[in-house]
Amino acid sequence: MSCICLGPKRSGKTHLLKALQEPDSIDETSYSMPTIGTGIYRIHFPTKSPNSDKPKPPPADGSAPAHPHGSKHLPKSIQILEIGGSMAPLWRQYFEDVKKLIYVVDTSNLCQISAAGVLFYSILTEPRLQKVKILLVLAKMDYSYRQMRNEALLMLQMSKLQKQIRQQVTIVEASAVNKVGLDAIYEWLQRQ
């Protein structure tokens, strides 16, 4: 599996992946149980934003648009392996041949952020993951207050960490419920 999704238990991995897979399947009443073991999700890239009925605009960086009328070389879907947070001691067994890693942190739970940071550091120091592209998803932004993003990044020591690591880490704020950040995640997943 070239893309894996990790994060502490109850960080929002399943909700996020289900929202990416089928944006209308998650709302305020949705509930999911913590993943015991693993789950596989096939994410098909939309031709329009989950936040609107308008076609997606081309990326701001000037690269090819992520829709069928754009580049023929863009993938149409990706398969993602979600590994449950309760399996953290076994995550290393899944690191072979990984190209992209999504790490999900629940920003509405300050107590979890510290533990999430310790797990994240252990991932960043893994020799097999030194060339992996990493997406740090600050999840459940709809449940947290605006300043929580800054507090989460401070607690994770991201500014200090990004100077010391080899991996390219992209940070996205997201909510599976109100669809914030899904477009940015689709674009990140679709990049080679």
Notebook entry, point to check: Leu189 and Ile80: side-chain contact (heavy atoms from CB on, under 4.5 Å), yes or no, with the steps?
Noted result: CA-CA 10 Å; Leu189 287 169; Ile80 300 174; 4.0 Å; yes
Check: Could you go step by step and tell me if Ile123 and Leu129 meet the side-chain contact (heavy atoms from CB on, under 4.5 Å) rule?
Finding: CA-CA 7 Å; Ile123 289 168; Leu129 299 179; 3.6 Å; yes
Item checked: CA sep, side-chain torsions, deciding dist, call: Leu81, Gln79, side-chain contact (heavy atoms from CB on, under 4.5 Å) -> CA-CA 7 Å; Leu81 176 67; Gln79 197 164 303; over 6 Å; no
Next item on the list: In sequence, state the C-alpha distance, the side-chain angles, and the governing distance for Val105 and Leu136, and then conclude on side-chain contact (heavy atoms from CB on, under 4.5 Å).
Entry: CA-CA 8 Å; Val105 177; Leu136 175 61; 3.8 Å; yes
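Side-chain atoms of Lys13 come within 3.5 Å of backbone atoms of Gly7 as a donor-acceptor pair (strictly under, hydrogens ignored). A distance-only check finds a donor-acceptor pair linking the side chain of Lys100 to the backbone of Arg191 [under 3.5 Å]. The main-chain N or O of Lys99 is never found under 3.5 Å from a side-chain atom of Ser2 such that the two would form a donor-acceptor pair.
Thr125 contributes atom OG1, which lies 7.5 Å from atom CD of Gln130 (distance to the nearest 0.5 angstrom). Here Tyr94 contributes atom OH and Leu6 contributes atom CG; the two are 10.5 Å apart, rounded to the nearest 0.5 Å. Distance check, rounded to the nearest 0.5 Å: NE2 of His15 to OG of Ser175 gives 9.0 Å. In this structure, the separation between CD on Gln93 and CD1 on Ile83 is 9.5 Å, given to the nearest 0.5 Å. Rounded to the nearest 0.5 Å, atoms CD1 (Ile4) and CG (Asp97) are 11.0 Å apart.
For Cys5 against Val104, the heavy-atom pair with the smallest separation is SG-CG2, 3.9 Å. Here the shortest heavy-atom pairing between Ser11 and Gln112 reads CB-OE1, 3.7 Å. Pairing each heavy atom of Tyr186 with each of Ala19, the nearest pair is OH-O, 3.9 Å. Contact between Trp188 and Leu101 at its shortest, heavy atoms only, is CH2-O, 3.7 Å. Between Lys179 and Val177 the shortest heavy-atom distance is NZ-O, 3.1 Å. Shown here for Gln190 and Phe45, the closest heavy-atom pair between the two residues is NE2-CD1, 3.5 Å.
With sequence neighbours excluded, the residues forming a salt bridge (charged side-chain N to carboxylate O under 4.0 Å, His left out) with Arg92 are Glu126, listed by chain and number. With sequence neighbours excluded, the residues that form a side chain to side chain contact (heavy atoms under 4.5 Å, CB included) with Ser77 are Arg42, His44. For Tyr103, the side chain to side chain donor-acceptor pair (under 3.5 Å) test picks out no residue, with sequence neighbours left out. Contacts of Ile165 classified as side chain to side chain contact (heavy atoms under 4.5 Å, CB included), with partners at least two apart in sequence or in another chain: Leu124, Leu161, Gln167, Val169. For Thr38, the side chain to side chain donor-acceptor pair (under 3.5 Å) criterion is met by no residue, not counting sequence neighbours. Residues that satisfy the side chain to side chain donor-acceptor pair (under 3.5 Å) test with Arg166, not counting sequence neighbours, are absent from this structure. Legend: residues meeting side chain to side chain contact (heavy atoms under 4.5 Å, CB included) with Ala88, ordered by chain and number and at least two apart, are Trp91, Leu119. The side chain to side chain contact (heavy atoms under 4.5 Å, CB included) search around Thr14 returns Lys18, Ser32, Thr35, Tyr41, Glu82, not counting sequence neighbours.
A single hydrophobic cluster is seen to contain both Met87 and Ile40, as judged by linkage of ILVMFWY side chains at heavy-atom distances under 4.5 Å, directly or through other members. There is a path of hydrophobic side-chain contacts, each under 4.5 Å, that joins Leu138 to Tyr121. Val118 and Ile113 fall into different hydrophobic clusters, defined by Ile, Leu, Val, Met, Phe, Trp and Tyr side-chain heavy atoms under 4.5 Å apart, directly or through other members.
Sequence neighbours left out, not one pair with a member in residues 32-41 passes salt bridge (charged side-chain N to carboxylate O under 4.0 Å, His left out).
A 4.5 Å side-chain heavy-atom check between Leu135 and Ile185 finds at least one atom pair inside the cut-off.
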